[in-house]
S.K.: 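Let me give you the structure first, and then I'll get to my questions.
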Amino acid sequence: MRLSRYFLPILRETPKEAEIVSHRLMLRAGTIRQEAAGIYAWLPLGLRVLNKINAIIREEQNRAGAVEILMPTIQSADLWRESGRYEAYGKEMLRIKDRHEREMLFGPTNEEMVTAIVRAHVKSYKDLPLNLYHIQWKFRDEVRPRFGVMRSREFLMKDAYSFDIDAEGARHAYNKMFTAYLRTFARMGLKAIPMRADTGPIGGNLSHEFIILASTGESEVFCHRDFLEQPTPAADIAFDDRATMQGVFDHWTSKYAATSEMHDAAAFDALPEADRVSARGIEVGHIFYFGTKYSEPMGATVNGPDGKETALQMGSYGIGPSRLVAALIEANHDDKGVIWPTSVAPFQVGLANLKVGDAATDAACLDLYARLEKAGVDVLYDDRDDRPGAKFATLDLIGLPHQVIVGPKGLADGLVEIKNRRTGERETLTPDAAINKLTAQA
RNA sequence: CGGGGUAUAGCUCAGCCUGGUAGAGCGGUAGUUUUGGGUACUACAGGUCGUAGGUUCGAAUCCUGCUACCCCGACCA
C-alpha cells in the first residue's frame, strides 16, 4: 500500500480523553476514532489488526472442531424471556423497539439465540457433539465506558457455544476450547494464563479467565512463575482425544493462578518467594461450562441412545478481538509508539522514501516495494513528500515490525537500511540482501 | 448509579474572575529553504465560542435549563 493513497490520520498530539497508553497510541496511530462514549469507528490500520486477530481466532477455533456461523446483532426480547434473562439482565442491555412496537435488544451475548438454533435442528445425540461460534459485534451499555476499546460499549466478540449429550462430553468440549485458547493467544505473542473465575451472570460451575500480564492491567492477579515459561500445545495435538485434552487442562491448572476475586492468600504465600508472581492483568478470554442452564428452560433436548429426551449440556467461550487490539498494545509498546507482534501487524514492512522526487531514490523504492509485495510481504510504502524525521516518527508510532529506509546517501553506495522496530537494531545492506532478509522473516 | 469536572479552529489549549464582538502552538494550503530522527522562515485559509433561553445598549465571558464528553468510585468481555 502506498501511504499517499491510504488513509492514516496520525495525530501528533494526544487527545485529552485518552488515559491509558493503548488508547493514546490507538488514537495517535490512526487506528480508531471515537463516535460516542464507548463506541468506535475502526480506521484502516486498526481494521487490519482486528482482521489479523480474527483470522488467528478462526484458524484455532476451526482446528479445535468449532463451526463458524453468524448470528444477528439484534435479537427479540421474547427469546430472552424464555431463559428469564430479559428481566434479569438489567440496564446493561440496550433495549429497543421496532416500528411495530415490538421489543428488541442489541445482543450482549448469544446463549439464547444459539440454543434456539440448535433446539430447532438438532434432535438426536448422533448430531453431537457440536460447537458453533461466531465473531459478531456486541453491545453492553456500560455505566462508564473507558480506556478506549479496552472497555467499550460496542465491542467485537468471538463467542462459541458447545452442545453435548452428557457432562463428560461437555467437559471434553471445555478442554478443547481451553487448549485452543492457549494456542490462540500464544500465536499473537501473548502469554495468557488461565485462572479460575467466578461464573457471574452467565452461570455454571466451571469457568476460567485467560489473563495476560501487563503493568496497566485493570485487575490484580497472582500466579506461579512457571506459567511464564510454559510451552503451549502443538498445532497437531489430538483435539479428539479426551485424555490428551484433559492432560492439557490438568497441566495448565495444576499451579496456582487466581484473580483478586478468587485469590487464596494462604495458598499463594505457601509458594516459595521466587515462584510468586503478583502483577496486573487484562482479561482477554473467558470460558464457561454451565450444563443445562439454558437448554432446560428453553427445552433444548435430544434423544439419547437410550431413547430418552435429554437436555443439552452446554458451555460458552468468549474472546474479545477488539479488546485484544488494545491489550496487544499494552503488552507491546515503547515511548515512541506501538510495536506490533509480527502475527498481527497491519503491515510487515514500512518502506520510507527519504527523498521523494529524486529519480534514483524513487526507482529504488518502487523496485523494493514491488519485489516485496510479489514475495507476499505486506508493505506500507511512505511515498509522501515529507521530512525524513516525520517519516521515522510515523513509522515508529504505527509500529510495523520492520522498516526499510531508502535515501540518496545510502544509495550512492548501493545500500539501504533496515531497522527492527522491536530491538531497534539497524543494518545497512544492499536492496537484494534486504529483500532476502525480509522475506525470510515475514 | 453517586461524586467531581469540561465544552472556544482538525489537535492541545489561552481568553471568562473584572462583559465591548476571538487568540497561540501544532496541523492544513502556497511558497522559500534542503533533506538521515517530527528543520526554519513567509503568507494564506479555518471558529454562528456545545445547545436553548435569560440579564444587558452590548455575552465566549454573568444567570438558568438541556445535551455531550471526561475523571474518581461502585459495576463489567
Side-chain angles (χ1 to χ4, degrees), chain A residues 9-20 23-24 27-28 30 33-39 89-93 107-110 135-160 181 197-202 207-212 218-219 259 261 281-288 316-327 335-337 352-358 361 382 384-397 403-413 415-417 419 424 426 428:
Chain A
I10 297 283
L11 300 180
R12 196 161 170 174
E13 284 165 284
T14 304
K16 61 178 170 185
E17 72 265 20
E19 192 69 2
I20 60 169
H23 191 194
R24 283 201 293 265
L27 292 171
R28 289 232 295 130
R33 196 182 99 93
Q34 178 168 324
E35 298 301 337
I39 298 178
Y89 218 92
K91 298 188 90 168
E92 273 206 350
M93 179 183 280
T109 177
N110 286 66
I135 299 177
Q136 177 63 290
W137 294 94
K138 306 289 190 291
F139 196 94
R140 292 184 193 171
D141 200 357
E142 296 282 344
V143 194
R144 191 183 160 207
R146 59 183 132 173
F147 304 147
V149 296
M150 185 78 82
R151 175 85 181 278
S152 52
R153 291 194 292 172
E154 189 182 57
F155 59 97
L156 193 60
M157 183 155 110
K158 185 288 298 181
D159 38 329
Y181 275 34
D198 205 12
T199 52
I202 309 273
S207 175
H208 286 84
E209 288 178 9
F210 286 76
I211 307 262
I212 62 164
E218 59 209 315
S219 52
T259 59
E261 303 89 61
I282 299 170
E283 181 183 346
V284 289
H286 201 159
I287 61 179
F288 304 86
S316 73
Y317 315 90
I319 295 181
S322 51
R323 156 178 278 204
L324 263 170
V325 176
D335 58 338
K336 290 187 162 52
N353 182 335
L354 295 191
K355 190 162 186 177
V356 171
D358 178 87
T361 313
D382 190 346
R384 299 168 311 161
D385 186 10
D386 209 344
R387 307 288 307 183
K391 297 197 174 195
F392 296 136
T394 297
L395 281 179
D396 283 347
L397 175 63
Q403 300 174 7
V404 180
I405 296 155
V406 181
K409 285 185 190 170
L411 279 181
D413 301 322
L415 298 172
V416 300
E417 181 179 308
K419 174 180 153 185
R426 299 168 195 212
T428 303

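Every chain is numbered from 1, with letters handed out A, B, ... down the list of sequences.
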S.K.: Compare every heavy atom of A:Leu397 with every heavy atom of A:Leu11, then report the nearest pair and how far apart it is.
M.R.: O-CD2, 4.5 Å
S.K.: Need to verify one output field. Residue with the more 5' nearest nucleotide on RNA chain B, A:Glu35 or A:Gly320?
M.R.: A:Glu35
S.K.: What is the nucleic acid contact for A:Leu11, judged by heavy atoms within less than 4.0 Å: base, sugar-phosphate only, or nothing?
M.R.: nothing
S.K.: Give me the distance, rounded to whole Å, that separates B:C76 from B:A59 when you measure between the C1' atoms they each carry.
M.R.: 44 Å
S.K.: For A:Gly318, answer base if it contacts any base atom (sugar-phosphate contacts may also be present), sugar-phosphate if it contacts only those atoms, and nothing otherwise; contact means non-hydrogen atoms under 4.0 Å.
M.R.: nothing
S.K.: Kindly give the heavy-atom pair with the smallest separation between A:Ala18 and A:Arg24, and that separation in Å.
M.R.: CB-CG, 3.5 Å
S.K.: NZ of A:Lys336 versus P of B:G38: gap in Å, rounded?
M.R.: 10 Å
S.K.: Report the nucleotide, chosen from B:A77, B:G36, B:G37, that has the shortest atom-to-atom distance to any side-chain atom of A:Glu283.
M.R.: B:A77
S.K.: By the 4.0 Å heavy-atom rule, please label A:Ile319 as base, sugar-phosphate, or nothing.
M.R.: nothing
S.K.: With the sugar-phosphate defined as primed atoms, P, OP1 and OP2, and the base as all remaining atoms, what B/S/- string results for nucleotides 24-31 of chain B, 5' to 3', for protein heavy atoms under 4.0 Å?
M.R.: -BBS----
S.K.: Which value, in whole Å, describes the distance between the C1' atoms of nucleotides B:G23 and B:C49?
M.R.: 12 Å
S.K.: Give the nucleotide from the list B:C69, B:C75, B:A77 with an atom nearest to the side chain of A:Ala36.
M.R.: B:C69
S.K.: Is the base of B:C76 touched by the side chain of A:Arg140 through a donor-acceptor pair closer than 3.5 angstrom?
M.R.: no
S.K.: Check the phosphate of B:C70 against A:Gln34, side-chain N and O only, distance under 4.0 Å to OP1 or OP2. Yes or no?
M.R.: yes
S.K.: With side chain to side chain contact (heavy atoms under 4.5 Å, CB included) as the test, would you mind laying out the steps for A:Asp141 and A:Lys91 before giving the verdict?
M.R.: CA-CA 7 Å; A:Asp141 200 357; A:Lys91 298 188 90 168; over 6 Å; no
S.K.: Identify which nucleotide among B:U34, B:G36, B:C69 has an atom closest to any side-chain atom of A:Pro388, counting heavy atoms from C-beta outward.
M.R.: B:G36
S.K.: From B:A74, B:A77, B:G38, pick the nucleotide closest to the side chain of A:Thr394?
M.R.: B:G38
S.K.: Determine which nucleotide pairs with B:U48, using a 3.5 Å limit on both distances of a Watson-Crick or G-U wobble pair.
M.R.: none
S.K.: Please work out if A:Thr14 contacts a base, only the sugar-phosphate, or nothing of the nucleic acid, heavy-atom cut-off 4.0 Å.
M.R.: sugar-phosphate
S.K.: Do you know which two heavy atoms are closest between A:Ser322 and A:Val149, and how far apart they sit?
M.R.: O-CG2, 3.4 Å
S.K.: Taking the side chain of A:Leu354 as its heavy atoms from C-beta onward, which of B:G36, B:G38, B:A77 lies nearest to it?
M.R.: B:G36
S.K.: Under 4.0 Å, counting only non-hydrogen atoms across every strand here, what does A:Arg426 touch: a base, just sugar-phosphate, or nothing?
M.R.: base
S.K.: Could you run down the sub-3.5 Å N/O contacts of the protein with nucleotides 1-7 of chain B?
M.R.:
residue: B:C1; atom: OP1; partner: A:Lys91; partner atom: NZ; Å: 2.3

S.K.: Do A:Arg151 and A:Glu142 sit within salt-bridge range, that is, some charged N less than 4.0 Å from a carboxylate O?
M.R.: yes
S.K.: Select from A:Pro145 and A:Ile10 the residue whose nearest nucleotide in RNA chain B is closer to the 5' end of that strand.
M.R.: A:Ile10
S.K.: Watson-Crick or G-U wobble partner for B:A22, using a 3.5 Å limit on both distances?
M.R.: none
S.K.: Which one is paired to B:U67, where only Watson-Crick or G-U wobble pairs with both distances under 3.5 angstrom count?
M.R.: B:A7
S.K.: What integer number of Å spans the P atoms of B:U51 and B:U8?
M.R.: 10 Å
S.K.: A:Met93 has an atom CE; how far is it from atom C1' of B:A77, in whole Å?
M.R.: 15 Å
S.K.: Less than 4.5 Å apart, side chain to side chain, heavy atoms only: is that true for A:Thr361 and A:Leu354?
M.R.: no
S.K.: With a 6.0 Å cut-off on the ring centroids, do A:Phe210 and A:His208 count as close?
M.R.: no
S.K.: Looking only at side-chain atoms of A:Arg151, point me to the closest of B:C75, B:G38, B:U35.
M.R.: B:C75
S.K.: Taking the same atom, P, in B:U29 and in B:C66, what whole-Å distance lies between them?
M.R.: 43 Å
S.K.: With sugar-phosphate meaning primed atoms plus P, OP1 and OP2, does A:Lys419 contact a base, only sugar-phosphate, or nothing at under 4.0 Å between heavy atoms?
M.R.: base
S.K.: Could you let me know what B:A40 is paired to, Watson-Crick or G-U wobble, both distances under 3.5 Å, or none if it's on its own?
M.R.: B:U32
S.K.: Counting Watson-Crick and G-U wobble pairs only, both distances under 3.5 Å, name the nucleotide matched with B:G73, or none.
M.R.: B:C1
S.K.: Strictly by modelled atom types, are A:Asn110 and A:Gln136 linked by a side-chain donor-acceptor pair under 3.5 Å?
M.R.: no
S.K.: Starting at atom CD1 of A:Ile405, determine the distance to atom P of B:G36, rounded to an integer number of angstrom.
M.R.: 13 Å
S.K.: If we take the P atom in both B:G47 and B:G31, what is their distance in whole Å?
M.R.: 23 Å
S.K.: Could you state the atom-to-atom distance from CD of A:Glu92 to C1' of B:A74 in whole Å?
M.R.: 12 Å
S.K.: Determine the minimum heavy-atom distance between A:Asn353 and A:Lys391, stating which atoms define it.
M.R.: O-NZ, 2.7 Å
S.K.: Contact class for A:Pro15 (heavy atom, under 4.0 Å): base, sugar-phosphate, or nothing?
M.R.: sugar-phosphate
S.K.: Can any side-chain N or O of A:Lys336 pair as donor or acceptor with the backbone N or O of A:Thr394 at less than 3.5 Å?
M.R.: no
S.K.: Taking the basic N atoms (NZ, or NE/NH1/NH2) and the acidic carboxylate oxygens, is any pair closer than 4.0 Å for A:Glu417 and A:Arg426?
M.R.: yes
S.K.: Should B:U61 form a Watson-Crick or G-U wobble pair with both distances under 3.5 Å, which nucleotide is its partner?
M.R.: none
S.K.: I'd like to know if the side chain of A:Tyr181 reaches the main chain of A:His286, judged simply by a donor and an acceptor atom lying under 3.5 Å from each other, with no hydrogens or angles considered.
M.R.: no
S.K.: How close or far is atom P of B:U35 from atom CD of A:Glu417, stated in whole angstroms?
M.R.: 18 Å
S.K.: Would A:Phe392 count as stacking on B:G38 if stacking means ring centres less than 5.5 angstrom apart and planes tilted under 30 degrees?
M.R.: no
S.K.: I need the minimum non-hydrogen distance between A:Gly38 and A:Ser152, along with the two atoms involved.
M.R.: O-CB, 3.3 Å
S.K.: Rounding to an integer number of Å, can you tell me how far A:Met150 CE sits from B:A77 C1'?
M.R.: 11 Å
S.K.: Any idea which heavy atoms bring A:Pro108 and A:Arg140 closest together, and the distance?
M.R.: O-NH2, 2.8 Å
S.K.: Sticking with atom P, work out how far B:G15 lies from B:A9, rounded to a whole angstrom.
M.R.: 15 Å
S.K.: With rounding to whole Å, what would you report as the distance between B:A22 and B:U18 at their P atoms?
M.R.: 22 Å
S.K.: Which value, in whole Å, describes the distance between the C1' atoms of nucleotides B:A7 and B:A60?
M.R.: 11 Å
S.K.: Specify the separation, in whole Å, of atom CZ of A:Phe147 and atom P of B:C69.
M.R.: 17 Å
S.K.: Using whole Å, what does the distance between atom P of nucleotide B:G38 and atom CG of A:Leu397 come to?
M.R.: 15 Å
S.K.: Assign A:Gly285 to base, sugar-phosphate, or nothing according to its heavy-atom contacts below 4.0 angstrom with the strands shown.
M.R.: nothing
